[in-house]
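This one's a predicted model, so the numbers in the text were calculated from it and none came from an experiment.
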Number of protein chains: 4
Amino acid sequence: MEHQPESEAQVRPPGRPRDEAARERIRDAALQLLEEVGFANVTCDAIAQRSGTSKATIYRWWPNKAAVLIDAFVESVTPELPLRDPTTLEDYVTVHLRQFARVVAGRKGRLLAAVIAAAQNDPEVEAAFLSHWIKPRRALSRQAFQKLKDRGLMPENLDIEQVLDAMYGPLHFLLMVRHGKPTPAYAESLAALLLHGLAPRHGDAAGGR
Amino acid sequence: MEHQPESEAQVRPPGRPRDEAARERIRDAALQLLEEVGFANVTCDAIAQRSGTSKATIYRWWPNKAAVLIDAFVESVTPELPLRDPTTLEDYVTVHLRQFARVVAGRKGRLLAAVIAAAQNDPEVEAAFLSHWIKPRRALSRQAFQKLKDRGLMPENLDIEQVLDAMYGPLHFLLMVRHGKPTPAYAESLAALLLHGLAPRHGDAAGGR
Amino acid sequence: MEHQPESEAQVRPPGRPRDEAARERIRDAALQLLEEVGFANVTCDAIAQRSGTSKATIYRWWPNKAAVLIDAFVESVTPELPLRDPTTLEDYVTVHLRQFARVVAGRKGRLLAAVIAAAQNDPEVEAAFLSHWIKPRRALSRQAFQKLKDRGLMPENLDIEQVLDAMYGPLHFLLMVRHGKPTPAYAESLAALLLHGLAPRHGDAAGGR
Amino acid sequence: MEHQPESEAQVRPPGRPRDEAARERIRDAALQLLEEVGFANVTCDAIAQRSGTSKATIYRWWPNKAAVLIDAFVESVTPELPLRDPTTLEDYVTVHLRQFARVVAGRKGRLLAAVIAAAQNDPEVEAAFLSHWIKPRRALSRQAFQKLKDRGLMPENLDIEQVLDAMYGPLHFLLMVRHGKPTPAYAESLAALLLHGLAPRHGDAAGGR
DNA sequence: ATCTAATCGAGACGGTACGTCGAGTCTTCCC
DNA sequence: GGGAAGACTCGACGTACCGTCTCGATTAGAT
């Protein structure tokens with residue numbers, strides 16, 4: 001009897017396999033509609049029609065409308081925010097703030113705002129947004145900061161969660177309230193502010209740093 | 001026909017005068033329901049029933065459901081955030097962050113989140129929110145920071161607008177995304193973070209400050 | 001103070017009154033569609049559209065699709081089957097069989113068949129059909145036969161329920177199975193058969209009566 | 001190459017042969033489910049699951065859900081209604097009504113009702129039902145009545161077709177409308193009613209026969 | 001011993017109707 | 001004319017079933 005290579009394994013389950021193309025078309029349609037009519041006005045019927053699928057297929061793979069839109073959003077925004085290995089604290093903070101400011105200023109920023117807004121009115125959106133976007137992104141960022149700590153490039157006593165809030169909070173504020181523009185210059189000077197603090201340094205003159 | 005004294009400014013229009021008590025009961029009912037069942041599950045029928053009024057009355061005075069809650073917000077949240085004269089930078093930042101964290105954690109925080117969410121889909125809400133809430137509040141805060149600068153208690157080169165974002169952004173982030181709790185301790189340690197910055201101080205050991 | 005005529009009474013309840021015209025339009029649309037596409041293919045959306053109303057209104061007044069169609073059917077067929085006061089047994093049986101045969105042969109007969117067919121597949125249809133059509137009709141017919149008994153024009157020992165089955169069963173059989181035509185002649189000779197029975201009469205020759 | 005005896009009529013086609021056991025299991029499952037949940041609530045998925053087959057197999061051999069149940073009906077109901085040679089008119093009518101009442105009251109009755117219902121919306125079902133069930137059964141019954149006429153045990157002038165309607169119509173009525181129970185007693189008294197007629201006999205008192 | 005072809009199980013798919021729910025409007029009577 | 005009551009239109013929701021399809025696995029006769 002021959003050797004059965006069970007290594008590569010993952011035997012296909014019986015039955016017709018899931019149509020990945022349809023899955024993709026649904027996400028694309030959701031994303032298009034999200035941009036065109038806004039979160040609240042996207043309907044599942046419209047997604048089904050636009051994607052050439054059916055509501056049944058949508059509801060087979062996503063528990064509700066919100067999940068589809070969040071999924072589409074995550075799939076679309078993730079590649080725009082690559083998480084790189086940190087070299088120094090200054091570099092890491094500056095680069096990521098600049099990156100995120102670019103997203104906030106653009107089309108994807110409006111999507112993010114729409115999703116966060118929708119989360120205020122719908123526990124299902126909130127749950128999906130937290131578990132599919134916020135939590136995984138923060139987990140990765142946390143690891144980066146932990147590496148910096150491990151290398152002695154960042155004070156041990158800082159609460160990383162709070163550092164993340166201090167980094168991303170101001171840009172989310174700008175995103176949702178729109179009282180100013182998230183330019184690259186804004187991102188850079190925000191990074192400087194966070195890195196060095198508000199208070200005058202020891203031995204500094206009041207006006208210098 | 002008698003002389004109608006038009007001196008008293010606006011002549012009373014004919015017909016039954018508006019029932020101000022009903023208006024108030026509607027606002028109260030909206031706030032109660034918001035706490036009990038959350039924004040999404042507040043229905044206009046429920047507000048009408050709770051307030052002992054009718055949907056017709058609600059829609060006569062507010063254009064839609066969101067407007068009712070926004071109105072309630074504006075009427076109720078303003079007095080909770082007094083702006084005091086600054087003594088030191090540390091004190092000012094710490095006190096106001098604690099104050100705002102308390103609001104974010106409470107009922108009024110949910111209202112604020114709802115208003116910001118509504119602003120994402122409605123330019124009128126956005127404009128009203130900016131002009132009636134954000135701008136006046138920030139103007140007052142700006143004056144306070146300017147006083148600190150004038151007294152040499154704050155570095156001259158800091159952009160006050162950005163300082164305000166750095167202060168209030170993280171708490172708004174927490175308010176909208178709810179990935180953590182805005183406790184008083186959180187507010188205080190956030191204040192410390194902002195005041196002293198992320199980067200290790202000159203001559204500091206990596207782990208200390 | 002004037003006399004308040006409380007006699008005519010039935011004070012109108014508060015609120016907007018039910019739109020009887022819409023009710024009627026719904027019934028008409030249901031009836032039209034029933035004829036056009038058959039019981040199973042009538043949809044509530046179609047009824048709503050055809051009648052210029054909405055599904056919500058339909059479901060406010062009828063518990064489900066079947067009830068609408070039964071209601072429409074009853075409203076439409078009842079006037080075609082007037083129940084008259086009996087003069088003699090022979091007359092009553094003959095007249096009503098002729099009358100019902102005419103319905104069975106016509107458009108309304110197809111409706112009746114569709115409703116009975118639908119009742120086989122749906123307990124809700126069955127219940128609605130029994131309570132809105134069969135039971136009231138049989139109650140009225142029963143009264144007529146009871147009058148005949150009271151006047152000595154019909155044997156006391158006959159079970160009226162069974163007499164009704166014997167009268168209306170054969171025509172329903174013809175309606176559903178369509179192995180023959182319910183002509184007036186058929187109705188008359190059926191009446192004779194029922195009145196005089198199959199068995200040869202005492203003293204009759206086998207072939208005569 | 002060997003000689004293939006084509007005498008045995010149909011040559012076996014290539015490929016896997018039809019699984020007759022599966023066919024039988026599908027029919028059985030359909031009958032079981034019909035009893036358990038009623039016609040409307042039998043789903044093809046349920047039949048497939050219960051029978052350990054798949055929907056594909058069902059739809060390979062039957063055009064739709066109704067056809068499965070009709071098929072099961074034809075296979076299972078025929079042997080339950082033996083047609084015996086008549087001795088007297090009274091005996092023949094009474095025995096066959098009792099026999100048919102038993103069928104109407106039972107599981108096979110529900111099947112018959114379902115088939116008749118399906119025939120209302122499907123000319124093919126109607127044709128199949130008439131040619132495979134109604135016509136052959138009636139032909140046999142007609143012969144029996146003709147024998148009775150030939151022996152002088154039944155009036156010559158009766159229309160045998162109508163006699164069959166009068167016999168089987170009421171029980172079909174009960175079968176489809178279910179406003180009463182087809183008990184043996186019901187069958188017997190129906191036979192008496194048909195044999196002797198409704199009208200009081202010559203010289204009878206009104207209340208007697 | 002393969003090769004070919006049809007059947008089988010499983011289950012995903014497009015489609016369509018269901019019955020429900022909320023938003024916002026309209027209609028009536030009462031004050 | 002304003003207010004309570006409540007019926008109305010509109011349109012989306014999420015569910016269920018139908019009948020079709022696409023897989024891999026199975027089962028034979030044909031080669």
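Atom pair B:W62:CH2 and F:dG2:C1' shows a separation of 14 Å (rounding to whole Å applied). Summarising the geometry, the separation between CD1 on B:I26 and P on F:dG2 is reported as 14 Å, rounded to the nearest angstrom. Here the P atom of nucleotide F:dC17 and the CD1 atom of D:I58 are 14 Å apart, to the nearest Å.
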Taking only N/O atoms, report every protein-nucleotides 17-19 of chain E pair under 3.5 Å with atom names and distance.
| from | atom 1 | to | atom 2 | distance (Å) |
| --- | --- | --- | --- | --- |
| E:dC18 | OP1 | C:C44 | N | 3.4 |
| E:dC18 | OP2 | C:C44 | N | 2.8 |
| E:dG19 | OP2 | C:Y59 | OH | 2.3 |
| E:dG19 | O5' | C:Y59 | OH | 3.4 |
| E:dG19 | N7 | C:K55 | NZ | 3.0 |
| E:dG19 | O6 | C:K55 | NZ | 2.8 |

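Side-chain contact check for C:V115 versus C:L69: every heavy-atom pair is 4.5 Å or farther apart.
The distance from atom CZ of A:R23 to atom CG of A:D19, rounded to the nearest 0.5 Å, is 10.5 Å. Rounding to the nearest 0.5 Å places OG of A:S54 at 7.5 Å from CZ of A:R60. Summarising the geometry, atom CG belonging to A:D28 is positioned 10.5 Å from atom CZ belonging to A:R50; distances are rounded to the nearest 0.5 Å.
Aromatic ring pairs are classed by plane angle as parallel below 30°, tilted from 30° to 60° and perpendicular above 60°; the pair C:F129 and C:F73 is tilted.
Minimum heavy-atom separation, B:A30 to B:I47: CB-CD1, 4.1 Å. Taking both residues in full, the closest heavy atoms of C:S51 and C:A48 are given as OG-O, 3.2 Å, listed atom of the first, atom of the second, then distance.
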If the sugar-phosphate is the primed atoms plus P, OP1 and OP2 and the base is the rest, what is the B/S/- string for nucleotides 4-9 of chain E, using protein heavy atoms under 4.0 Å? -BBBBB

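A salt bridge links A:E126 with B:R178; the closest basic N to acidic carboxylate O contact falls under 4.0 Å.
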